2 protein chains.
Amino acid sequence: MSENSRPHVRTRRDHRTETAEDYVEAVLQVINERGVCRVVDLAKRFAVSHVTVTKTVSRLKTGGYLARELYGPIELTRKGRRMAEASMERHRIVYEFLVALGITSSTAEVDAEGMEHHVSEETLAKFKEFVAARGGK
Amino acid sequence: MSENSRPHVRTRRDHRTETAEDYVEAVLQVINERGVCRVVDLAKRFAVSHVTVTKTVSRLKTGGYLARELYGPIELTRKGRRMAEASMERHRIVYEFLVALGITSSTAEVDAEGMEHHVSEETLAKFKEFVAARGGK
DNA sequence: CACAAAGTGTAGCCTTGGCTACAATTTGTA
DNA sequence: TACAAATTGTAGCCAAGGCTACACTTTGTG
Ligand SMILES: [Mn+2]
Ligand SMILES: [Mn+2]
Ligand SMILES: [Mn+2]
Ligand SMILES: [Mn+2]
């Protein structure tokens with residue numbers, strides 16, 4: 001409760017987990033799309049240099065989310081996969097909510113990428129409800 | 001268009017303007033509430049140290065958003081006031097949208113603080129529409 | 001006025017997440 | 001098998017935004 005319920009404090013906390021969430025999610029998607037996930041794949045997806053990806057992957061390896069050996073592909077640990085699945089689900093709900101609201105799919109894609117990290121459980125539940133109710137429109 | 005329409009690129013751009021938006025908004029509110037805005041007021045509001053506030057205020061002064069002399073109160077420039085008013089308006093709409101959706105006001109406050117920076121013009125317009133339509137419920 | 005309390009400044013440290021430049025490795029191909 | 005291309009690593013730089021510790025100013029109070 002306490003410190004977590006102060007707006008800016010919660011927002012800063014959201015931002016601290018954002019990179020991990022986006023990375024594990026991307027790794028899972030790339031693996032599903034191409035079999036393995038390499039540094040370049042993430043660099044393209046995030047539009048950052050391969051150096052940034054390498055460094056971030058190292059941090060996430062230390063954090064126990066990713067596994068990787070030198071020059072090898074990027075893999076998800078159990079912990080990472082759990083987070084990836086939860087993130088994808090949440091991301092999907094936010095996206096579908098925006099679409100159900102009448103937002104263009106391309107705008108919904110972009111907005112959802114940032115919004116997803118700031119949606120509480122309570123709000124996510126309402127989003128899901130809304131999609132179920134007026135799903136097609 | 002182009003680079004701005006790539007999800008992660010847009011999200012990173014949102015984050016670069018986030019601090020400025022939150023600060024000018026807070027300065028305007030504190031001035032309206034207590035007449036003047038001091039470093040301590042912002043430190044309490046954001047729940048960070050006074051040092052962090054001082055440094056950030058300096059940056060925003062350099063950026064032309066805030067005005068301030070040594071040991072003096074924090075003031076808004078024209079540019080800062082413009083941004084503050086736009087940010088407050090957008091923040092308000094996001095908050096009211098969540099409430100109209102059925103979210104608890106305390107949750108809406110917290111979620112809105114992060115979400116506001118990632119809402120496009122298109123989405124903001126839909127939010128406004130939604131509030132107008134089913135405002136009271 | 002004098003002193004205490006509150007507010008502010010400054011130095012210096014840290015992590016995250018960006019980058020370029022260049023070196024090394026791996027992979028594809030003639 | 002050689003060589004070229006692609007990929008990855010490493011060094012070193014930067015800005016934003018956090019912090020503590022300590023010094024200095026300003027403000028309030030007896
Ligand atoms: Mn995201
Ligand atoms: Mn954000
Ligand atoms: Mn705000
Ligand atoms: Mn905010």
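Any value given below was found using the heavy atoms of this structure, including those in side chains, with hydrogens, waters and symmetry copies removed. Owing to the predicted nature of the structure, the values given are computational and were not obtained by experimental measurement. Order of the sequence lines sets the chain letters (A, B, ...), proteins ahead of strands, with each chain counted from 1.
At a non-hydrogen distance threshold of 4.0 Å, A/Lys55, A/Arg59 from residues 55-62 of chain A come into contact with DNA chain C.
Salt-bridge check for B/Glu122 with B/Lys126: failed, with every basic side-chain N at 4.0 Å or more from each acidic carboxylate O. A salt bridge does not link B/Asp41 with B/Arg45: none of the charged nitrogens is closer than 4.0 Å to a carboxylate oxygen.
In this entry the distance linking CZ of B/Arg13 with P of C/dG18 reads 15 Å, nearest Å. A/Glu21 places its CD atom 16 Å from the C1' atom of C/dT16, with the value rounded to the nearest Å. If you take CZ of B/Arg16 and P of D/dG17, they are 11 Å apart, rounded to a whole angstrom. Rounded to whole Å, the distance from CZ on A/Arg12 to C1' on C/dT16 is 15 Å. Here C/dG7 presents its P atom at 9 Å from CZ of B/Arg34, a figure rounded to the nearest Å.
Between B/Ala26 and B/Phe46, the shortest heavy-atom distance links the atoms CB-CZ, 3.7 Å. Looking at every heavy atom in both residues, A/Phe127 comes nearest to A/Ile93 through CB-CG2, 3.9 Å.
Placement of A/Val119 and A/Phe130 within a single hydrophobic cluster is found when ILVMFWY residues are connected by side-chain heavy-atom separations under 4.5 Å, directly or transitively. Put simply, B/Leu98 and A/Val131 are part of the same group of oily side chains (I, L, V, M, F, W, Y) that touch within less than 4.5 Å, one to the next.
Across all strands shown, A/Val48 has heavy atoms under 4.0 Å from sugar-phosphate atoms exclusively, and none from any base.
Within the structure, a side-chain polar atom (N or O) of A/Ser49 is placed less than 4.0 Å from OP1 or OP2 of C/dC19. Contact check, B/Thr19 against D/dG17: a side-chain N or O comes under 4.0 Å of OP1 or OP2. Regarding contacts with the backbone of C/dG18, every side-chain N or O of A/Thr52 stays at 4.0 angstrom or more from both OP1 and OP2.
B/His91 has its side chain out of reach of B/Glu21: every pair of non-hydrogen atoms, C-beta onward, lies at least 4.5 Å apart. A/Asp14 places a side-chain heavy atom less than 4.5 Å from the side chain of A/Arg10.
Every residue meeting the ring pair (Phe, Tyr, Trp, His ring centres under 6.0 Å) condition with B/His118, not counting sequence neighbours, appears here in chain and number order: A/His118, B/His15.
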With 3.5 Å as the limit, what N/O pairs link the protein to nucleotides 4-8 of chain D?
residue, atom, partner, partner atom, Å
D/dT8, OP1, A/Arg38, NE, 2.6
D/dT8, OP1, A/Arg38, NH2, 3.3
D/dT8, OP2, A/Val40, N, 2.9
D/dT8, O3', A/Arg68, NH2, 3.2

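Comparing D/dT10, D/dA21, D/dG17 by their closest approach to the side chain of A/Val51 singles out D/dT10.
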